[in-house]
Number of protein chains: 4
Amino acid sequence: MPKQPAAARRSAASRAAILEAAFELVGEVGYGRLGIEAIASRAGVGKQTIYRWWPSKGAVLFEAILVRGFGDGEEPVPLPDTGDLEADLRTVLRATALELASPEVDRPLRALTAAMVEDEALAEEYRIRVEEPTREAKRARLRSAQRAGQLPASLDLDIAIDAIFAPMAHRWLTRSGPLTEEYADALLETALNGLRHHGPN
Amino acid sequence: MPKQPAAARRSAASRAAILEAAFELVGEVGYGRLGIEAIASRAGVGKQTIYRWWPSKGAVLFEAILVRGFGDGEEPVPLPDTGDLEADLRTVLRATALELASPEVDRPLRALTAAMVEDEALAEEYRIRVEEPTREAKRARLRSAQRAGQLPASLDLDIAIDAIFAPMAHRWLTRSGPLTEEYADALLETALNGLRHHGPN
Amino acid sequence: MPKQPAAARRSAASRAAILEAAFELVGEVGYGRLGIEAIASRAGVGKQTIYRWWPSKGAVLFEAILVRGFGDGEEPVPLPDTGDLEADLRTVLRATALELASPEVDRPLRALTAAMVEDEALAEEYRIRVEEPTREAKRARLRSAQRAGQLPASLDLDIAIDAIFAPMAHRWLTRSGPLTEEYADALLETALNGLRHHGPN
Amino acid sequence: MPKQPAAARRSAASRAAILEAAFELVGEVGYGRLGIEAIASRAGVGKQTIYRWWPSKGAVLFEAILVRGFGDGEEPVPLPDTGDLEADLRTVLRATALELASPEVDRPLRALTAAMVEDEALAEEYRIRVEEPTREAKRARLRSAQRAGQLPASLDLDIAIDAIFAPMAHRWLTRSGPLTEEYADALLETALNGLRHHGPN
DNA sequence: ATTTAACCGAGACGGTACGTCACGTCTTCTA
DNA sequence: TAGAAGACGTGACGTACCGTCTCGGTTAAAT
């Protein structure tokens with residue numbers, strides 16, 4: 001095993017202070033007015049320390065939100081599986097609606113979205129590290145339902161996931177209506193009705 | 001009759017040049033790197049002429065896209081109504097998929113989205129001037145289908161519209177899959193199945 | 001008398017309002033921050049009306065100060081001539097010291113000086129319309145003294161005037177000391193001593 | 001020994017380039033048209049580097065002229081003292097006349113004067129760093145003449161200095177006549193005559 | 001235990017763009 | 001046709017950040 005001659009000794013304290021500062025600031029001023037100098041200043045850190053370890057302010061923000069919001073540890077968080085698909089999805093959708101409606105989740109998530117709309121590389125990283133694991137968990141739950149005969153076996157799972165989850169995400173992003181449990185229930189009923197009657201052609 | 005206080009009027013040529021320049025530039029450099037000075041310079045216009053008439057670069061971009069993409073004239077563009085709901089929606093969804101997949105629509109629309117994620121006032125204006133008229137046209141088509149007995153009368157039309165159209169918009173925004181006619185058709189089938197089996201409770 | 005077919009009908013009210021506004025403003029913000037737009041705005045006048053009649057802000061200021069400070073009417077104001085040269089000059093110098101020390105004269109005169117240091121054409125106009133008439137009045141008084149045998153006939157009058165009056169002007173401009181009657185008297189005594197003992201070579 | 005807080009230091013090269021550029025530009029366009037951006041651009045320097053170290057364009061110009069014209073090193077340059085007061089002052093006054101008449105001195109000195117007329121703080125700094133040391137050197141020479149019996153002991157030295165030097169400065173500033181050696185000699189003769197006959201009352 | 005090289009905070013640097021201000025010209029309308 | 005109003009192209013202002021680059025100083029691995 002080749003040994004590094006003088007390895008990078010990254011400061012864990014600085015990293016934590018930077019992510020903390022970035023998270024706070026994005027909640028205060030939004031993504032557009034977030035700046036590297038402000039992060040460095042609030043974190044009590046030199047600018048170079050940020051530039052050394054992250055390629056863009058979007059990347060800092062992304063990591064800050066991952067650490068705070070999703071725990072940093074990468075366990076995929078499976079969907080509940082009680083045997084009752086509709087009940088399980090209702091639980092998830094209602095929880096999602098409540099989360100998206102709360103400012104603690106809304107503000108940083110919106111900032112993250114702004115970052116990704118402008119930065120395709122960041123969007124790709126999000127897809128790999130967040131979106132795809134989440135989607136795989138959803139696929140697993142739907143496959144379980146298929147095995148239980150609650151959904152047709154011919155179903156395209158990605159279309160099914162889109163049909164169930166996308167409308168709420170879209171309403172959140174565009175603020176085109178309130179994110180209530182009633183909305184979640186109505187969406188779910190419509191989507192499941194459509195999926196159950198899906199023909200195999 | 002009260003007489004006007006002899007005001008200097010707004011230059012139509014400058015306004016057109018600014019919107020043209022903004023539209024071109026956002027296609028070349030994206031929303032993040034779009035700047036007022038670059039717009040003014042390319043339009044052959046003073047910066048103050050932009051600041052005098054628009055509150056932000058997002059507002060300029062918004063108007064530029066409206067003028068170019070949607071024609072500026074505010075006719076609501078009704079959905080086709082041949083009597084066959086599914087065929088009509090298929091036409092619309094397929095066309096939407098093709099449009100969103102084309103760079104000419106994708107680039108500026110993504111820029112506009114970036115602007116709106118950061119700027120709530122802009123999002124509100126979009127909702128009033130674009131989203132709501134479009135949605136009303138969709139509601140009109142669905143009401144027609146209800147009258148024809150093709151959809152349950154008890155249907156919540158806004159949920160129906162979300163179920164039909166949101167998944168494609170979401171896939172476009174997140175680039176989570178290809179925007180094909182097959183995808184359009186599959187989404188539509190799922191959504192309509194769900195809507196047709198909607199119970200009146 | 002031939003009548004003009006459609007002559008320029010300059011508005012006396014506008015001219016007066018402009019000069020008044022310029023004089024006020026220069027006292028409030030100084031020459032450097034004085035601007036055409038501010039003058040026009042305070043005078044309730046269009047900018048073009050200023051540009052039509054004056055070539056520069058310095059010219060407006062010059063005329064404003066002439067009108068206010070020196071009466072606009074061009075009578076040369078002779079020096080007193082009681083027969084006692086020293087007493088007459090003492091009267092004039094003491095009065096000058098008091099005037100220069102008062103803010104009402106100091107502020108606009110300093111602004112006018114600033115204008116002239118930067119603008120040679122303005123300085124030339126000042127020389128012709130203010131400095132030279134004033135100097136001629138001084139020459140007349142000194143010539144009278146020569147005729148009375150109080151000063152040598154061989155005296156170069158311009159050097160004499162410089163010797164008597166320049167030190168006070170210089171101290172005022174550079175703020176290198178207080179402008180008191182004592183200073184005026186001491187200067188005068190020194191200068192007159194020098195001039196009286198002037199040899200004819 | 002207390003250790004410095006590890007500060008990034010000022011760039012001597014940038015400082016020199018800025019002063020050089022300012023000096024050149026003021027000779028080309030004059031004080032009124034001198035601008036920070038033009039200085040920065042010619043010096044190959046960011047504007048912020050100027051704003052960081054100087055409070056105004058006048059301050060830059062002041063330092064530029066000090067460095068170029070007076071050497072930056074603060075030795076007071078004593079007046080010549082050969083024992084013959086009149087000859088010594090003639091040397092100085094003639095040299096001053098020649099310098100003020102030369103464009104290399106006239107242009108920047110006039111610009112500096114323009115700056116000081118508008119900016120009292122700058123004038124104060126000039127008084128402390130240039131005017132007062134110069135005046136002290138003159139006082140020293142006059143005191144020496146008093147000790148040699150060439151001037152009355154009761155003389156107020158500041159009035160004497162004004163009487164000898166101010167007329168030439170005033171003629172230079174107002175361009176009211178040519179700055180020749182003859183003028184210098186005539187002024188000096190007049191002033192010294194006046195000073196020598198000064199009575200002790 | 002000492003060396004030593006990367007990391008760290010700080011912040012100056014050359015730049016770019018910001019949003020504001022005033023310039024001097026012009027166009028429109030009124031008196 | 002002079003004048004009030006004010007939009008226009010122009011360009012400098014002073015500020016905010018960008019991303020790069022020294023500066024000492026402080027560690028922790030490799031001598």
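All values below were derived from every heavy atom in this structure, side-chain atoms included, with hydrogens, water molecules and symmetry-related copies excluded.
A side-chain hydrogen bond (donor to acceptor under 3.5 Å, both in side chains) check over residues 43-52 of chain D, counting only residues at least two apart or in different chains, returns the pairs D/Glu37-D/Lys47.
Between the side chain of B/Arg9 and the base of F/dA7, no donor-acceptor pair of N or O atoms lies under 3.5 Å. On a pure distance criterion of 3.5 Å, no polar donor-acceptor pair joins the side chain of D/Lys47 and the base of E/dG15.
Nearer the 5' end of DNA chain E, as judged by each residue's closest nucleotide, is the contact made by A/Gly46, out of C/Pro55 and A/Gly46. Residue-to-nucleotide proximity on DNA chain E shows that, of C/Lys57 and D/Glu37, the 5′-proximal contact is made by D/Glu37. When the nearest nucleotides of DNA chain F are assigned to D/Gln48 and B/Arg10 by heavy-atom distance, the more 5′-ward of the two goes with B/Arg10. Taking for each of C/Gly44 and A/Leu34 the nucleotide of DNA chain F with the nearest heavy atom, the 5'-most of the two is the partner of C/Gly44.
Between the CD1 atom of B/Ile50 and the P atom of F/dC8 there is a distance of 11 Å, rounded to whole Å. Put simply, CZ on C/Arg33 is 13 Å from P on E/dC23, counting in whole angstrom units. Atoms CH2 (D/Trp54) and P (F/dC13) sit 15 Å apart, rounded to a whole Å. In this entry the distance linking CD1 of D/Ile18 with C1' of E/dG15 reads 14 Å, nearest Å. Between D/Arg42 atom CZ and E/dG14 atom P there is a gap of 17 Å when expressed in whole angstrom units. The separation between D/Arg15 atom CZ and E/dC13 atom P is 12 Å, rounded to whole Å.
Side-chain atoms of B/Tyr51 lie closest to E/dT20 of the nucleotides E/dC13, F/dC8, E/dT20. Closest contact between the side chain of D/Val45 and the listed nucleotides E/dG14, E/dG9, E/dG24 involves E/dG14.
When the side-chain nitrogen and oxygen atoms of B/Arg52 are compared with OP1 and OP2 of F/dC8, one or more of them lie within a distance under 4.0 Å. Considering only side-chain N and O atoms, D/Thr49 lies under 4.0 angstrom from the phosphate OP1 or OP2 of E/dG14. Note on B/Trp53: a side-chain N or O is less than 4.0 Å away from OP1 or OP2 of F/dC8. Of the side-chain N and O atoms in B/Ser14, one or more sit less than 4.0 angstrom from OP1 or OP2 of F/dG9.
One finds no salt bridge joining D/Arg107 and D/Glu28 here, because no Lys/Arg side-chain nitrogen approaches an Asp/Glu carboxylate oxygen to under 4.0 Å.
Here D/Glu118 pairs with nothing under the side-chain hydrogen bond (donor to acceptor under 3.5 Å, both in side chains) rule; sequence neighbours left out.
Annotation: cation-pi geometry satisfied between B/Lys57 and B/Tyr31 (NZ/CZ under 6.0 angstrom from ring centroid, within 45° of ring axis).
For the atom pair CD1 (C/Ile50) and CD1 (C/Ile18), the distance works out to 4.5 Å, reported to the nearest 0.5 Å.
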